[in-house]
Amino acid sequence: MIPPVVEICNLTRHYPGGVEALRGVDMKIETGEFVALIGRSGSGKSTLLNIIGGLDSPSSGYVHINGIPLDYSNRSGLIALRRSRVGFVFQQFNLIPSLTAQENVEYPLFFNYRPPRERQEMAARLLTMVGLENRLSHYPGQLSGGEQQRVAIARALVADPPLVLADEPTGNLDSSTSEGIFSLLRQLNRERGVTLLVVTHERELGAYADRMIEMRDGRVIT
């Protein structure tokens, strides 16, 4: 039996001052699903995403990725997780200004010790897949917001992770560009079989997903 890509049980996260960001969250995401995590600002969505990706640690509960429990005390293990098993797409793009689009996509492979030619070929192929075959040598400052986010999506996919986490990937984009990004994510999900967990506060964009999970006050309510 194939385990879920993500399995979460009774997850909590408490911060100093009595803030309860997560309150007993349970969740399963199956292989190949496109799941939209929706809710108002402060509902715990981003905290949950960061814990799944090993950028933050829970106060209690557990997270399994592909059946393997995350050990939040093992820093090198969490780094390895983010290099090979989980890709990230952020609201702010987080591209390196001094690198071209192709070099930004290649960058994660440098730490996986891939040969230069292989890095270049993989980056070019992914940028072509997201519709930027004519922007390989452009720097982030020469790209529109939507183009920069497409570069970020290609970068998240370059190590071929089974899971991609996207935190408000259209938060800085206009409505038309936002729909284009979600349409692209839907296409990549279907064509590459990558499992997607995407945080958004825009319910209408969640309609691109297979299902929506809503959070409120640190709890899953649907």
Hey, does [Y] have a side-chain heavy atom less than 4.5 Å from the side chain of [X]?
X	Y	value
L48	V220	no
Q149	V89	yes
L22	M215	yes
L196	V35	no
I65	R85	yes
T195	N189	no
Y107	L99	yes
V130	Q187	no

Step by step, work out the side chain to side chain contact (heavy atoms under 4.5 Å, CB included) result for H138 and V151.
CA-CA 11 Å; H138 286 61; V151 174; over 6 Å; no
Please report the interatomic distance [atom1]([X]) to [atom2]([Y]), rounded to the nearest 0.5 Å.
X	Y	atom1	atom2	result
L143	F93	CG	CZ	10.0 Å
I68	L81	CD1	CG	9.0 Å
L157	M129	CG	CE	8.0 Å
E106	E118	CD	CD	11.0 Å
T200	L205	OG1	CG	5.0 Å
L109	R114	CG	CZ	5.5 Å

Under the salt bridge (Lys or Arg N to Asp or Glu O under 4.0 Å) criterion, do D26 and R219 qualify, and how do the steps go?
CA-CA 9 Å; D26 297 307; R219 293 187 174 93; over 6 Å; no
Any sub-3.5 Å donor-acceptor pair from [X]'s side-chain atoms to [Y]'s backbone N or O?
X	Y	result
E7	P4	no
N104	I96	yes
Q120	R117	no

Atom of [X], atom of [Y] and distance for their closest heavy-atom approach:
X	Y	value
P108	V105	CD-O, 3.2 Å
G145	L173	C-CD2, 3.5 Å
P169	V199	CD-O, 3.5 Å
P140	L95	CG-CB, 3.9 Å
L136	A124	CD2-CB, 3.7 Å
L165	L49	CD1-O, 3.6 Å

Does the side chain of [X] pick up a donor-acceptor pair with the side chain of [Y] at under 3.5 Å?
X	Y	answer
T12	S60	yes
D174	S176	no
S76	N74	yes
T47	N50	no

Please determine whether residues [X] and [Y] belong to a single hydrophobic cluster, defined as Ile, Leu, Val, Met, Phe, Trp and Tyr linked transitively by side-chain heavy-atom distances below 4.5 Å.
X	Y	value
L37	I51	yes
L184	V198	yes
F90	L185	no
V194	I29	no
V6	Y72	yes

Check the pair T170 / T177 against side chain to side chain contact (heavy atoms under 4.5 Å, CB included), numbers first and verdict last.
CA-CA 8 Å; T170 61; T177 306; over 6 Å; no
Ion pair check, [X] and [Y], cut-off under 4.0 Å:
X	Y	value
D167	K45	no
R40	D217	no
R203	E214	yes

Step by step, work out the side chain to side chain contact (heavy atoms under 4.5 Å, CB included) result for I8 and I52.
CA-CA 9 Å; I8 297 167; I52 294 171; 3.6 Å; yes
For [X], does the [atom1] atom have more than 12 heavy-atom neighbours from other residues, nucleotides or ligands under 6.0 Å away?
X	atom1	result
R216	CZ	no
I221	CD1	yes
F110	CZ	no

Should the ring pair F182 and F34 be called parallel, tilted or perpendicular, given that the plane angle runs from 0 to 90° and is split at 30 and 60?
parallel
Working for side chain to side chain contact (heavy atoms under 4.5 Å, CB included), residues H14 and V19:
CA-CA 6 Å; H14 303 147; V19 176; over 6 Å; no
So is R13 actually on top of Y15's ring, under 6.0 Å and inside 45° of the axis?
yes
Sole candidate of Q102, Q148, E147 that passes side chain to side chain donor-acceptor pair (under 3.5 Å) when paired with R135:
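Result for side chain to side chain donor-acceptor pair (under 3.5 Å) with R135: E147.
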